[in-house]
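Let me begin by presenting the structure, written as structure tokens, before commenting on it.
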Amino acid sequence: MGRYDFRPSRVRQTAQMLLQSRRITQQPSWYQVMHDIPPSEILTRTQPVQQTNSNNRTTRKIKKPSRMFQPQRIGYEEDGLRREFFSDHPWELARPRMVLEEDGKDYQRWDWGVAHQLGRPVSGEGVVQRQLWLMKHGGLTKEKAYDQARKEHYEDRHMQEVEARVAREEAMATGAYFAKTAIQVGMQLENQEFDRWKVWAQQQVTLAEQARVAAYTGLGTASSSGELDEPGEGSEDTNTGDAAAELVGSSIPNTRGGQEARGGAAFTT
């Protein structure tokens, strides 16, 4: 059958053969429907319509044959502005907001000729719409419009923070109290974990110091409990070392016994 599979277009023929051979006794529910409205027999695919921008004079890229039938990517002017703002202000995405369905007629509900919109919460989307309005109606460039919209957004955020701080102070003055914030709870848990790690680190440093002293002096070895084994309670290596030291003690320089003469010439006066 090659690279094309015609079995889906021959489903009704297959069902008819099964009925004639009595492999199945009841017609499927779609059997008569496919007889009245047969599927299309055209196997070729039409190429999607390619939208071109009359203001864009750049040459259109030729698609690869494998991507010829893919639909054209739809892009809006706000996408680039939105990507730039949230790239510079990633924490704006962490602010809780209410997601509502929009029909694309936002310009009919709000007047972006002014920065602050009554009844609309301050968000990064407002910066994008305000910048777009300044570019189209204010005669500003993309960079200047972005700077102006961004500064207006900072002023709105600052006013919100001042209002929240004043409201909190007024509530506390009248006897209200507030629970710990998420940041304070996180810092408390982090401090508890740090204290546990500090105790463990001190124990490890103590064990390492005891092992180093024991290896240098040869007085004992550090046990698994962190205590040093006394001489005589350790292994046989300590007794063997003491016996060897007594055997060669008379030949060690800088001792009371001195060092024995091992050949050479003797000088007399």
Side-chain angles (χ1 to χ4, degrees), residues 1-110 112 117 119-137 142-143 145-146 149-150 153 182 186:
M1 299 182 62
R3 55 184 296 185
Y4 299 104
D5 191 1
F6 297 98
R7 288 178 297 178
S9 62
R10 297 174 180 174
V11 173
R12 188 178 181 279
Q13 298 178 5
T14 304
Q16 185 178 4
M17 294 174 59
L18 293 175
L19 288 172
Q20 292 176 357
S21 62
R22 299 182 182 277
R23 296 286 298 274
I24 57 177
T25 58
Q26 186 178 2
Q27 292 184 0
S29 58
W30 45 263
Y31 183 81
Q32 190 63 30
V33 177
M34 291 190 65
H35 178 269
D36 299 336
I37 309 174
S40 176
E41 297 292 340
I42 300 176
L43 300 179
T44 59
R45 298 176 60 185
T46 57
Q47 187 175 2
V49 179
Q50 303 295 321
Q51 303 292 337
T52 57
N53 188 3
S54 59
N55 298 328
N56 190 4
R57 298 297 181 180
T58 57
T59 58
R60 186 174 60 181
K61 296 182 180 180
I62 300 176
K63 290 186 176 181
K64 297 180 180 180
S66 60
R67 299 185 178 181
M68 184 180 299
F69 299 104
Q70 290 183 353
Q72 185 180 8
R73 187 172 183 177
I74 300 176
Y76 297 93
E77 188 174 4
E78 296 91 334
D79 295 340
L81 306 180
R82 190 177 294 108
R83 189 180 304 108
E84 181 181 4
F85 174 79
F86 287 108
S87 176
D88 297 339
H89 307 80
W91 283 105
E92 283 293 330
L93 297 173
R95 294 181 179 270
R97 57 173 302 182
M98 184 179 298
V99 181
L100 298 177
E101 293 289 341
E102 297 182 356
D103 53 2
K105 298 181 180 179
D106 191 48
Y107 62 93
Q108 297 180 359
R109 300 186 180 91
W110 309 102
W112 294 108
Q117 302 290 327
R120 181 185 177 92
V122 180
S123 62
E125 187 64 24
V127 179
V128 175
Q129 298 297 333
R130 173 65 173 166
Q131 180 184 1
L132 186 63
W133 190 93
L134 292 174
M135 292 171 58
K136 291 185 176 180
H137 303 281
K142 178 180 178 181
E143 291 75 14
Y146 178 67
R150 181 170 48 85
H153 177 73

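As the structure is a computational prediction, the values presented were derived from the model and not from experiment. Hydrogens, waters and symmetry mates play no part in the numbers below; they use all other heavy atoms, side chains included.
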Spacing of [atom1] belonging to [X] relative to [atom2] belonging to [Y], to within rounding of 0.5 Å:
| X | Y | atom1 | atom2 | value |
| --- | --- | --- | --- | --- |
| H153 | Y146 | NE2 | OH | 9.5 Å |
| W30 | R12 | CH2 | CZ | 9.0 Å |
| R7 | Q13 | CZ | CD | 14.0 Å |

Above 12 or not: heavy atoms from other molecules or residues under 6.0 Å from [atom1] of [X]?
| X | atom1 | result |
| --- | --- | --- |
| Q26 | CD | no |
| I24 | CD1 | yes |
| M17 | CE | no |

Measure from the side-chain N and O atoms of H89 to the backbone N and O of F85, and report whether any donor-acceptor pair falls under 3.5 Å.
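Confirmed, H89 side chain pairs with F85 backbone.
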Working for side chain to side chain contact (heavy atoms under 4.5 Å, CB included), residues Q129 and Q117:
CA-CA 11 Å; Q129 298 297 333; Q117 302 290 327; over 6 Å; no
For the residue pair [X] and [Y], what are the closest heavy atoms and their distance?
| X | Y | answer |
| --- | --- | --- |
| L132 | E78 | CD2-OE2, 3.4 Å |
| V127 | R150 | CG1-N, 4.3 Å |
| A149 | Q131 | CB-N, 4.0 Å |
| K142 | L81 | CE-CD2, 3.7 Å |

Any residue meeting ring pair (Phe, Tyr, Trp, His ring centres under 6.0 Å) with H35, in chain and number order, not counting sequence neighbours
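In terms of ring pair (Phe, Tyr, Trp, His ring centres under 6.0 Å), with neighbours along the sequence ignored, H35 is linked to no residue.
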Identify, with sequence neighbours excluded, every residue that meets side-chain contact (heavy atoms from CB on, under 4.5 Å) alongside F86.
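Once residues adjacent in sequence are excluded, the partners of F86 under the side-chain contact (heavy atoms from CB on, under 4.5 Å) criterion are R82, E92, L93.
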